[in-house]
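Note sheet for the following structure.
Just so it is clear: chains get the letters A, B, ... in the order the sequence lines come, proteins before strands, and each one is counted from 1. The model shown is predicted, which means the values in this text are computed figures rather than measured ones. Reckoned from all heavy atoms, side chains included, excluding hydrogens, waters and symmetry mates.
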Amino acid sequence: MARILITSAIPYINGIKHLGNLVGSQLPADLYARYMRARGAEVLFLCATDEHGTPAELAAAKAGKPVDQYCAEMWAVQAELAQGFRLSFDHFGRSSSPQNHRLTQHFAGKLAEAGLIREVSEKQVYSHADKRFLPDRYIEGTCPNCGYDKARGDQCENCTKQLDPTDLINPRSAISGSTDLEVRETKHLYLRQSAMRDELSAWIDSKADWPVLTTSIARKWLNDGDGLQDRGITRDLDWGIPVKKGDQPWPGMEGKVFYVWFDAPIEYIACAAEWVDAGKGADWERWWRTDKGAQDVRYVQFMGKDNVPFHTLSFPATILGSGEPWKLVDYIKSFNYLNYDGGQFSTSQGRGVFMDQALSILPADYWRWWLLSHAPETSDSEFTWEAFQQDVNKDLADVLGNFVSRITKFCRAKFGEAVPAGGAYGPQETALIADLQARLDRYQGHMDAIEIRKAAAELRAIWVAGNEYLQAAGPWTVFKDDPDRAAAMTRFALNLIPFYAGLSAPFIPDAAASMAGAMGVDVAWPDSAEAALGALAPGHAFTVPEVMFAKIDDDTRAEWAARFSGIRG
RNA sequence: GGGCCUGUAGCUCAAUGGUUAGAGCAGAGCGCUCAUAACGCUUUGGUUGGGGGUUCAAGUCCCUCCGGGCCUACCA
């Protein structure tokens, strides 16, 4: 049995994620996990919150809470929303877990043993008022180049020139506004990625089947300028994983923590340990250690394009550099951005629709279907309320929902609420079975390849085929002269419902469950179109389901568009 | 500035260098009456951003110009 390890980029703890975040990692990862499970693979699907770093500390301060409490609360919020969207994680962990502390410190120790860590003494801006070192972008001042007075320490947004914080005129803390700043000497650990450039480059070159988006970003970092640069993996912060060399102290690094991008991907591994410690699994190393059973695991990661450098270079450098037999990623599925009504979704500006808001107005299936069928796979894509309304009304209500409705109600009216006996499948049914088998093969091919939009289009075509059949067969007419033949047609069409439920479940799990439930069967992936479409025995009872997808009317759409047009308060 | 991605029908997107560039939606017409005024069939719609080049053959490869986007290493 195939074994698939799936991770979604771990969402940052700072606030509720918007639909762009969702469609860029967690949702497609869930689609794939559900599909692979349905196909009989053994799947471990992991996600977690990414809790460290300056923004988490600031968000906690803003909320007036200790950072650990803030993170715990936000984890609970995100976990509930993940549940609301039916994200089927085997475990939803936390990068602040003790398991991740231990493992991150372990990796650092191994990298030090391998000579891949060097200490760097550097100058950084310290804010007395904020009592913290400030990352470059948390320093504001006047741009020496263009005079813009809100230039950041890393770059001026006005003239786009790259800056060093010390270039700024009248620098101030972006957090407090304080100008009581000081340049201090501080010591940090750097991961010697440059020493691993050739190894990483060869590894990337071996991934000919990866999306262009993924490999081109990696190559850029490998080859640009002087090539792959060493990367600082520690920070002067309070909240984070204390710098240790394995379980030993790291002299000179007291009071410092690991950089969030060092410990966050390690959480993918630690999360598996959390999964076991939570009593959900027995052995996590068989998923992660190629010397302990993971040699036949296929590991697939999902992420937005901004995450690619860390997953193609930094994290692999950590794994390879450790010298230990950890599982490396086999396939990276990366996504572009989903835009919102002519601009970007923005967490910091509160622009767009956020996960909690989305669930407050419509069930998860609406969002899952629309977002996945418009996943930004090849370029940025755009959410508009008009398109959303039009697409979900047509696809879910008219094509799928109405199909289920029309055939179950027809059967109830003519034969009662049980699969009718009588008659036999003829050429029409045989032809459709062959057509559906071909479509099923294509659908599976797209899902195997994680071609999400193509898979969605094929699934939709499979739904349409049911309506085409009913129109061509016309059991309501045939019934008048040949009730047995009409019974066979009806039986055939009823059999399409469990077939659709199985195939649709990765996209719209709740609707799939209600379809299967109405037909009195479990959601199951079909072995073949022929077997599936003869599965319901004559006499098998069913119920006419409630309206599966209510339509979004124009007034409601307009109201939502207005409600979500501004900035979230 | 540099790098990468992208530009195809009104909209959203397809198309291993190989017939006449295809789907869905929207629009138009017809049909059906089982159904959530749903469904089905037919159909309108293209100088593939502009220009040049390579090739027997270019949406696809090369050059150039124009537009959009992302990244550019201390936000994550």
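- Neither OP1 nor OP2 of B/rC4 sits under 4.0 Å from any side-chain N or O of A/Arg219.
- The side-chain ring of A/Phe410 is not stacked on the base of B/rC34, judged by centre separation under 5.5 angstrom and plane angle under 30 degrees.
- Among the atoms of the strands shown, only primed sugar atoms or phosphate atoms (P, OP1, OP2) are found under 4.0 Å from some heavy atom of A/Val260.
- Defined by atom type and a distance below 3.5 Å, a donor-acceptor pair is missing between the side-chain atoms of A/Asn21 and A/Gln26.
- Using a 4.0 Å heavy-atom distance criterion, A/Tyr337 is classed as a sugar-phosphate-only contact.
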Exercise. Give RNA chain B the dot-bracket treatment, 5' to 3': Watson-Crick (N1-N3 with N6-O4 or O6-N4) or G-U (N1-O2, O6-N3) under 3.5 Å, [ ] crossing, | other strand.
Key: (((((((..((((....[...)))).(((((.......))))).....(((((..]....))))))))))))....
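- The same atom, C1', is picked in B/rC63 and in B/rC56; the two are 22 Å apart, to the nearest Å.
- Residue A/Thr477 places its side chain closer to B/rU33 than to any other of B/rC34, B/rU33, B/rA14.
- Computed from coordinates, the A/Trp221 CH2 to B/rU72 P distance equals 6 Å when rounded to whole Å.
- A/Arg368 forms no cation-pi arrangement with A/Phe507, by the criterion of a distance under 6.0 Å to the ring centre and an angle within 45° of the ring axis.
- Between B/rU16 and B/rU60, the two P atoms lie 13 Å apart (nearest whole Å).
- In this structure, A/Ser381 reaches the sugar-phosphate backbone alone: every heavy-atom distance under 4.0 Å involves primed, P, OP1 or OP2 atoms, never a base.
- Counting any heavy atom pair closer than 4.0 Å across all strands shown, A/Asn223 reaches no nucleic acid atom.
- Proximity of A/Arg137 to the phosphate of B/rC75: a side-chain N or O atom is located under 4.0 Å from OP1 or OP2.
- Regarding A/Trp370, its CH2 atom lies at a distance of 12 Å from the C1' atom of B/rC13, rounded to whole Å.
- As judged by a 4.0 angstrom heavy-atom cut-off over every strand, A/Gln390 is placed among residues touching the sugar-phosphate backbone only.
- In this structure, CE of A/Met548 is placed 17 Å from P of B/rA38, rounded to the nearest angstrom.
- One P atom belongs to B/rA58, the other to B/rG1, and the distance between them is 34 Å to the nearest Å.
- Between A/Phe133 atom CZ and B/rC75 atom P there is a gap of 16 Å when expressed in whole angstrom units.
- For the pair A/Leu222 CG and B/rA73 C1', the interatomic distance rounds to 12 Å; values are reported in whole Å.
- We find that CD of A/Glu458 is positioned 11 Å from C1' of B/rA23, with the value rounded to whole Å.
- If you check every strand for non-hydrogen atoms under 4.0 Å, A/Ala397 touches a base.
- Rounded to the nearest Å, the gap between the C1' atom of B/rA38 and that of B/rC11 is 23 Å.
- Taking the six-membered ring where the residue is Trp, A/Phe388 and A/Trp370 present perpendicular rings, their angle passing 60° and hence far from 30°.
- Look at A/Lys454 and you'll find a side-chain N or O under 4.0 angstrom from OP1 or OP2 of B/rA15.
- Closest approach of A/Leu111 to A/Gly321, counting heavy atoms only: CD2-C, 3.5 Å.
- In terms of phosphate contacts, A/Tyr259 brings a side-chain nitrogen or oxygen within less than 4.0 Å of OP1 or OP2 of B/rA76.
- Comparing B/rC75, B/rA73, B/rU33 against the side chain of A/Pro55 picks out B/rC75 as the nearest.
- Note on A/Gly232: nothing from the nucleic acid sits closer than 4.0 angstrom, heavy atoms only.
- To the nearest whole angstrom, the two P atoms, one in B/rA57 and one in B/rC13, are 33 Å apart.
- Inspection of the A/Asn100 and A/Arg94 side chains reveals no N or O donor paired with an N or O acceptor under 3.5 Å.
- Between A/Ser216 and A/Ala550, the residue anchored nearer the 5' end of RNA chain B, judged by the nucleotide with its closest heavy atom, is A/Ser216.
- Ranking B/rG31, B/rA38, B/rA14 by closeness to the A/Asp398 side chain, first place goes to B/rA38.
- Ring-plane geometry between A/His18 and A/Phe345 is classed as parallel, the angle between the planes falling under 30 degrees on a 0 to 90 degree scale with a further cut at 60.
- Remark: the separation of the P atoms in B/rG17 and B/rC62 is 12 Å, to the nearest Å.
- Counting to the nearest Å, the C1' atom of B/rC25 and the NE2 atom of A/His374 are 9 Å from each other.
- Checked by distance alone, A/Trp261 brings a side-chain donor or acceptor within 3.5 Å of a matching partner on the base of B/rA76.
- Rounded to the nearest Å, the gap between the C1' atom of B/rA26 and that of B/rG67 is 25 Å.
- Among the atoms of the strands shown, none is found under 4.0 Å from any heavy atom of A/Thr408.
- You'll find that the side chain of A/Gln229 is closest to B/rA73, out of B/rU33, B/rA73, B/rG40.
- The side chain of A/Arg406 has B/rC34 as its nearest neighbour among B/rG40, B/rC34, B/rC75.
- Looking only at atom types and distance, the side chain of A/Asn393 has no donor-acceptor partner in the side chain of A/Lys551 under 3.5 Å away.
- For the residue pair A/Thr234/A/His188, the side-chain donor-acceptor check at 3.5 Å is satisfied.
- For A/Phe133, the ring-ring contact (aromatic ring centres under 6.0 Å, His included) criterion is met by A/Tyr126, not counting sequence neighbours.
- Under 4.0 angstrom from either OP1 or OP2 of B/rC39 there lies at least one side-chain N or O belonging to A/Lys394.
- For B/rG2, the OP1/OP2 oxygens have no side-chain nitrogen or oxygen of A/Lys220 closer than 4.0 Å.
- Taking the C1' atoms as reference points, B/rG22 lies 24 Å from B/rC39, given to the whole Å.
- Residue A/Gly227 is in base contact, counting any heavy-atom pair closer than 4.0 Å across all strands shown.
- A/Ser178 and A/Ser127 share no side-chain donor-acceptor pair at under 3.5 Å.
- Rounding to whole angstrom units, CZ of residue A/Arg460 and P of B/rC39 are separated by 9 Å.
- A/Glu122 comes within contact range of at least one nucleobase, with a heavy-atom separation under 4.0 Å.
- Base engagement by A/Phe549 is indicated by at least one non-hydrogen atom pair under 4.0 Å involving a base atom.
- The base of B/rA35 sits with one of its N or O atoms less than 3.5 Å from a complementary donor or acceptor on the side chain of A/Asn402.
- Using bins of under 30°, 30° to 60° and over 60° for the plane-to-plane angle, the ring pair A/Trp261/A/His311 lands in the perpendicular bin.
- Nucleic acid contact for A/Val308: none, since no nucleic acid atom lies under 4.0 Å from a heavy atom of the residue.
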